[in-house]
Amino acid sequence: MAGFVAKKLCPELIMLKLNFDKYIAKAQEVREIIVDYDPRFESASIDEAYLNITEYCRTNDIAPEEAVEQLRMEVHEKTKITISAGIAANAKLAKICSNMNKPNGQFSLPRERNAIMAFMRDLPTRKVNGVGRVFERELDAVGVKTCGDIYQYRQYLAKLFGDKAFAFLMQCYLGLGRTTVQPAEEYERKSVGTESTFGEMGNPVELRDKLRATAEELEKDMVRTQFKGRTLCLKVKLHTFEVFTRQVIPPKAVYLAEDLYKYSLPMLSKLEQEFPGMKLRLMGLRCTHLVSMKKPDTMAFFGFKRKSTSDQTESESPSSDTAKRKADSLDNAGEGQWESWPDELLFEDAERQEREDEMQELETLSQEIDKRRHHGKEIVPNPKKGEEVEEDWWDCPICGRPQAASEREFNEHIDLCLSRQTIRDVVQETAESRSRDQTPVPKRAKMGNEKGRERGVGGDPKQRRLCFG
DNA sequence: GCGGATCAG
DNA sequence: ATGGCTGATCCGC
């Protein structure tokens, strides 16, 4: 929870200063213990790790639950901190399970299909890594609250959310996830960047100084990580909190502050033209399409290829039921045409009707998503029947409006209040009222076809996700 | 490939 | 009257 929100909720709250050096040192202590359980464990972050304890359990002739119990005990004794763990058939499930008995607990999900499917069936989509605030709401809008709900909507999900999301959701429904674990260092880095927030800045000279400073910061990181970048990306956040990025491909791979500045300056100047009177509150530089400066030895040690030409490991998408039936019907048409001729006609008619119904349903679902996208913040869930109606209210620390005094609903509301869309709406409204006064409002870079609908805020590419006809 | 958006930690 | 920073991935164009 954001500090300022917590402080409003609990004015007597005592806030300690961060001490990252301390956390890093402590994390190292923990890692020195877990390495004994899996020498190739994967650090997911400073306080998370994935272990494949298959081998450990085998050689020590011990059950996974026992091994983890022992690991947690050992960590507690040696480092004086408590940890939680999940034990499951793959990384996705283990991550979910690790949250089941927090703090200082563990949860084991049987490595058996039926148990896994049953577990997923009632699991809220939000519990899955990769489903955030936005996706959760969109899924909710079409009626998918739990991973079990996914199956009944399967025919619409690819069209509504794309093929990748569809594959992802099917894997959620089935409880599938990766079973590989490898040291983090063996993952190939894709970018190096730095950014910083500061008080509003509009002075072009100051902005150039800031760009120079940013370039110098990035050079440090490039040297530390031993990379050059083929692409250079400039990121800015305007005083309105709108974020923009611009990128260039310099004539050579870059990493020196000198070059980073030289090639990013034109992007900054162009943005100044695009948004006359531009005031920034954040600036960042990032290099992508990295080229390693490390000695070949080190690279080869981790088994990196010189220039990896993408290896398509993507599993092929399962063909839908309707597609299969279609194929079946086509096959049948090959042989038994005689007898089945009248049936075929009937069948085709029924199929056409079904297609039209599906189309109608799809549009309804799509509209449902759009509806919540726009004024989702205004939707107040109806009090459930049978429950006594709450008499008292809690004031939201952000919008100040009274909210139902239910912990869950209150937290959901705070979530909503902090959501980007809400923020953007507010920004837009204030920007409009400002422009009615005199202050020049940033002029937008060509916004395509926009005929006054949607309050002029940038054309959300997902807003109209389907085109019929 | 570019630029926007979402997500995680 | 918005949490900041780093990095990854996906989508539409």
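Letters A, B, ... are given to chains in the order of the sequence lines, protein chains preceding strands, and every chain is numbered from 1.
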**OP:** To the nearest Å, give me how far apart CG (A:D47) and P (B:dG9) are.
**Re:** 9 Å
Original post:
So which nucleotide from C:dC5, B:dG3, B:dC7 ends up closest to the side chain of A:S196?
Top reply: C:dC5
**OP:** Indicate yes or no: does A:K127 engage A:E136 in a salt bridge with an N to O separation below 4.0 Å.
**Re:** no
Subject >> All side-chain contact (heavy atoms from CB on, under 4.5 Å) counterparts of A:A94, not counting sequence neighbours >> reply: A:A88
**OP:** Look at the side-chain N and O atoms of A:K95 and state whether any lies under 4.0 Å from the OP1 or OP2 oxygen of B:dG9.
**Re:** yes
Original post:
Taking atom P of B:dA5 as reference, at what distance in whole Å does atom CZ of A:F135 sit?
Top reply: 18 Å
**OP:** Select base, sugar-phosphate, or nothing to describe what A:I249 touches, counting heavy atoms under 4.0 Å on all strands.
**Re:** sugar-phosphate
Original post:
Taking 4.0 angstrom as the limit, do A:R40 and A:E186 come out as a salt bridge?
Top reply: yes
**OP:** Provide, to the nearest angstrom, the distance between the CE atom belonging to A:M283 and the P atom belonging to C:dT6.
**Re:** 14 Å
**OP:** Side chain of A:T197 only, please: which of C:dT2, C:dC5, B:dC2 is the nearest?
**Re:** C:dC5
Subject >> Residue-phosphate contact under 4.0 Å: A:S191 side-chain N/O, C:dT6 OP1/OP2 >> reply: no
Original post:
Quick one: is A:R246 getting a side-chain N or O under 4.0 Å of the B:dC2 phosphate, OP1 or OP2?
Top reply: no
**OP:** Round to a whole Å and report the spacing from CZ of A:F241 to P of C:dC5.
**Re:** 11 Å
Original post:
Under 4.0 Å between a side-chain N or O of A:T245 and OP1 or OP2 of B:dG3?
Top reply: no
Subject >> Separation between the P atoms of C:dT2 and B:dC7, rounded to whole Å >> reply: 22 Å
Subject >> A:R281 side chain, from C-beta outward: closest of C:dG4, B:dC2, C:dT6 >> reply: C:dG4
Subject >> Between P of C:dC11 and NZ of A:K159, the distance in whole Å >> reply: 16 Å
**OP:** Please report, rounded to the nearest Å, how far the C1' atom of C:dC11 is from the CG atom of A:D163.
**Re:** 11 Å
Subject >> Phosphate OP1/OP2 of C:dT6: any A:T194 side-chain N/O under 4.0 Å >> reply: yes
Subject >> Minimum-distance nucleotide to A:N129 side chain [options: B:dC7, B:dG9, C:dG7] >> reply: B:dG9
Original post:
Would you say C:dT9 has OP1 or OP2 under 4.0 Å from some side-chain N or O of A:K190?
Top reply: yes
Subject >> ring-ring contact (aromatic ring centres under 6.0 Å, His included) contacts in which one or both residues fall within residues 251-270 of chain A, not counting sequence neighbours >> reply: none
**OP:** State whether A:R189 places a side-chain N or O below 4.0 Å from either non-bridging phosphate oxygen (OP1 or OP2) of C:dG7.
**Re:** yes
Original post:
A:E48 side chain: which of B:dC2, B:dG9, C:dC10 is closest?
Top reply: B:dG9
Original post:
In whole angstrom, what separates A:L160's CG from C:dC10's C1'?
Top reply: 16 Å
Subject >> Nucleotide B:dC2, atom P - distance to CZ of A:R286 in whole Å >> reply: 15 Å
Subject >> Ion pair A:R246/A:E274, N-O distance below 4.0 Å >> reply: yes
Subject >> Of the listed nucleotides C:dC11, C:dG7, B:dT6, the one nearest the side chain of A:V192 >> reply: C:dG7
**OP:** Taking only Lys NZ, Arg NE, NH1 and NH2, and the carboxylate oxygens of Asp or Glu, determine whether A:E48 and A:K95 approach each other closer than 4.0 Å.
**Re:** yes
